[in-house]
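First comes the structure, then the notes that go with it.
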Amino acid sequence: MKFIFLFIILICLNGCSPVNRRMGLDENLIIDTDLTVSDLKATAQKISRSIAKSKISSKDKPQRIVFMEIENRTFDDTFDSYNLLSQIRKTLIASNNFEFIDRKQFPEILNNLSDSNLEKRKEIAKLMNVDYFLTGRAYAHSIRKEGAREVYYRLSFRLTDAETGGIVWCDDDEYKYYGKYEPINR
Amino acid sequence: MIKNIIIILVLFLLVGCAAQIPKEAEEAFYMNDFGKAAKLSQPCANKLNRNFALNNAKLGLIYFTGGGYELAFSPFLNAGKVMERTVTSFDNSFWSAVSREDFKEFKGEPFERSMCHWYRGIIHYRRGDYENALAAFRRAIDADKDTTSKNDNDSFDFAAGYVMAARCYNLLGEPDTADTYAQRSEKVDKEFCYDNSIFIIECGDSPLKQRENDIKDIWSCSAFADYIPRKSRIEYAKIFVDGNERIRINKCTSTSFQLSCNTEKVANTIQSIKIGAKWTVRICAFAGAFTGVLIATKGTGVAAASAAGIGAALVAGAAVRTEADVRVWDLLPDNIGVGSLDIEPGFHNIAVCFYSSSNLELEDWRQVYYYYPIKREDNLIYFRATFNNFGSYKFITEECSKSFLESKLNSRHYIEIPKVNKESDIRIIPLAPALWKENEVDNFTIF
């Protein structure tokens with residue numbers, strides 16, 4: 001009898017736990033095998049620090065950078081690379097050594113940069129007074145066996161000299177996740 | 001006491017009341033009444049319950065087959081997120097382990113997951129967003145990896161996914177990786193990746209799932225399910241461009257075959273344990289009843305107590321539920337065929353003819369697309385050939401002039417549309433979805 005009451009109370013209490021609450025930005029209650037916001041934030045900080053410490057960083061003449069794109073080679077077809085780049089931008093601008101060109105002000109010129117050849121890029125770079133292009137690649141590799149999945153992520157970035165096309169700086173960040181599916185997984 | 005038991009039983013039964021999309025919606029889908037099917041499915045798909053992924057996958061496919069690609073994306077994304085999740089709640093796995101298998105949220109067999117990502121990939125591809133298309137195709141391939149079969153090559157058997165991933169790599173300027181993907185499956189022709197037009201043809205209907213329904217059922221307590229194949233008359237297809245036969249398209253990826261590769265060993269073990277538990281409870285209930293009768297006949301006056309004991313044993317027996325999960329994404333095609341061609345840019349008449357195993361053309365299934373616009377770089381031409389119920393609906397292309405249409409009116413491909421009187425009559429017209437204006441389809445507007 002006691003057990004039955006306990007059971008019913010437990011069922012009732014199930015709906016009484018608080019659903020909404022404020023969370024810390026680095027707190028992750030749900031860990032899946034996808035990259036989390038904390039990961040992307042950590043990567044943005046690491047990369048921006050790395051650029052700021054690189055040889056191209058100069059207080060005398062702030063370097064002008066244009067975002068290109070982060071190639072998406074992950075398994076996530078909704079991967080938001082712009083958010084990552086904008087976090088890098090925020091930190092770099094704060095260092096006073098860099099300036100970024102606002103793509104939204106020149107969409108017709110800058111949005112076609114990815115498809116244009118080196119000569120065309122040089123021309124645009126000269127016109128816009130651009131020093132470097134910032135590009136990157138998000139790569140993921142997965143191993144899936146016996147009800148579990150292991151995913152490796154590599155987020156790599158590089159700065160390309162707008163005039164020569166040479167890579168003047170590159171760095172990356174890596175993550176690895178393991179997830180196990182429930183016993184009956186279908 | 002009895003009241004409490006009844007309350008618990010009612011609560012227990014209510015757990016199983018999460019709705020799937022209604023049968024009428026599936027019937028409307030098979031009759032090409034995609035608007036009706038979508039309207040009937042939408043309320044179920046919006047509900048967060050254990051069938052969320054299944055309902056969204058079905059809704060997505062209804063929109064997709066009807067040509068509403070942009071509408072289809074969100075349901076496919078919702079379904080895909082649940083299917084790939086490794087984080088599960090306690091009650092999700094607990095209830096399915098101790099009771100009916102379908103008390104857990106639907107995640108689908110590996111092939112169902114692959115297909116969900118596959119359709120998202122196709123939608124990205126149609127938008128010209130090859131990066132995200134590649135991500136979705138890679139996920140589709142990945143979702144299918146956790147299957148086993150006797151043939152080692154089967155680990156790469158989601159050939160259609162490899163073809164499309166290879167095409168994406170090629171279009172993104174990575175021909176080496178494209179080659180690697182093209183070589184992964186023996187069913188993939190390397191040329192598929194480089195020709196300017198790729199044809200994808202879906203035929204047949206995927207198998208249904210049914211609990212064992214014979215004498216074995218008594219012993220197995222319906223704990224295992226069988227896949228019931230649905231026969232299709234179509235064996236292969238041929239593509240004719242401007243009246244000339246150009247390519248034969250064979251089956252490339254098969255749902256039935258994929259399902260035969262899947263071995264859910266853990267699930268079957270858990271089901272076997274549940275059968276053991278159920279039989280133990282049944283035997284205990286029988287022994288209890290027998291003892292109760294013995295005591296009652298001896299006139300010790302504890303008949304009521306023993307009856308209560310038997311009742312409790314029976315309730316416990318009923319609570320051990322063993323039924324197998326028979327939820328299945330049954331709107332999927334049975335086969336996907338892939339072929340490619342280099343076609344001169346411009347407008348072409350494209351016919352798809354379907355053939356039986358005895359090489360006879362199934363004329364009722366023929367589809368003809370007049371003035372199909374072929375671009376120089378890349379064309380995706382996607383057909384679903386499962387339907388023989390076109391009824392009085394037609395497809396046209398924007399480029400067709402009125403006089404041309406009138407001249408073709410006698411053809412069964414050009415039949416008049418009945419007048420629309422009320423909202424429920426609004427239908428999305430099947431066929432030639434690649435030619436529909438996206439916004440018109442999204443608004444359920446009839447041509």
Side-chain angles (χ1 to χ4, degrees), chain A residues 1-12 14-15 17 19 28-36 68-81 114-115 117 136-153 177-186, chain B residues 1 4-5 7-8 11 73 77 80-81 84-89 91-94 96-97 101 104-110 112-113 117 120-121 123-124 129 131-146 148 169 172 174 177 262 264-271 325 327:
Chain A
M1 195 69 173
K2 274 182 189 172
F3 170 75
I4 291 164
F5 279 124
L6 194 66
F7 189 74
I8 292 168
I9 288 165
L10 279 174
I11 286 175
C12 296
N14 192 34
S17 54
V19 177
N28 294 308
L29 286 181
I30 299 169
I31 307 281
D32 205 339
T33 53
D34 291 335
L35 285 175
T36 64
M68 295 290 280
E69 56 169 355
I70 297 182
E71 293 169 17
N72 180 11
R73 298 293 180 274
T74 65
F75 299 102
D76 184 0
D77 55 321
T78 54
F79 183 73
D80 182 6
S81 60
S114 318
D115 303 326
N117 58 27
R137 186 180 172 102
Y139 171 79
H141 177 73
S142 152
I143 300 170
R144 202 161 172 151
K145 215 167 185 182
E146 290 165 1
R149 183 172 61 187
E150 201 177 278
V151 190
Y152 162 77
Y153 293 96
Y177 278 100
Y178 172 82
K180 194 156 176 58
Y181 297 103
E182 57 205 312
I184 302 175
N185 181 39
R186 59 186 174 196
Chain B
M1 172 79 175
N4 287 331
I5 291 167
I7 289 167
I8 290 172
L11 282 171
F73 186 77
L77 188 64
K81 293 267 181 206
E84 288 300 322
R85 207 160 53 197
T86 54
V87 182
T88 50
S89 60
D91 55 346
N92 193 25
S93 44
F94 174 76
S96 63
E101 193 189 345
K104 64 182 280 302
E105 74 185 343
F106 176 87
K107 284 183 151 188
E109 298 285 355
E112 289 168 304
R113 289 177 224 159
H117 308 313
R120 267 201 339 273
I123 294 167
H124 284 303
D129 183 355
E131 286 225 340
N132 285 326
L134 176 62
F137 290 132
R138 286 186 71 211
R139 181 151 265 182
I141 294 166
D142 186 58
D144 190 51
K145 274 184 186 166
D146 197 10
T148 50
Y169 271 119
L172 290 167
E174 296 182 35
T177 324
N262 186 33
E264 263 284 4
K265 285 178 191 165
V266 179
N268 289 344
T269 310
I270 290 173
Q271 290 298 90
D325 188 353
R327 291 172 296 174

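Numbers restart at 1 for each chain; the letters A, B, ... are given by sequence-line order, proteins then strands.
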Original post:
Excluding sequence neighbours, so at least two apart, what forms side-chain hydrogen bond (donor to acceptor under 3.5 Å, both in side chains) with A:Ser142?
Top reply: B:Asp142
**OP:** Nearest 0.5 Å please: distance from the CG atom of B:Asp144 over to the CZ atom of A:Arg144.
**Re:** 9.0 Å
**OP:** Among the options A:Ile143, A:Asp34, A:Thr33, A:Thr74, pick out the one with the most heavy-atom pairs lying under 4.5 Å from chain B.
**Re:** A:Thr74
Original post:
Do B:Arg139 and A:Phe75 meet the cation-pi criteria used here (NZ or CZ under 6.0 Å from the six-membered ring centre, within 45° of the axis)?
Top reply: no
**OP:** Would you give the length of the straight line joining atom CG of A:Asp77 to atom CZ of B:Arg138, rounded to the nearest 0.5 angstrom?
**Re:** 12.0 Å
Subject >> Side-chain heavy atoms of B:Thr177 within contact of A:Arg73, under 4.5 Å >> reply: no
Original post:
Which of the residues B:Arg120, B:Glu131, B:His117, B:Arg327 is involved in the greatest number of heavy-atom pairs with chain A at under 4.5 angstrom?
Top reply: B:Glu131
Original post:
If you round to the nearest 0.5 Å, how far is NZ of B:Lys81 from OG1 of A:Thr78?
Top reply: 4.0 Å
Original post:
What part of B:Phe137 gets closer than 4.5 Å to chain A, counting heavy atoms only: side chain, backbone, both or neither?
Top reply: neither
Subject >> Part of A:Tyr139 within contact of chain B (heavy atom distance under 4.5 Å) >> reply: side chain
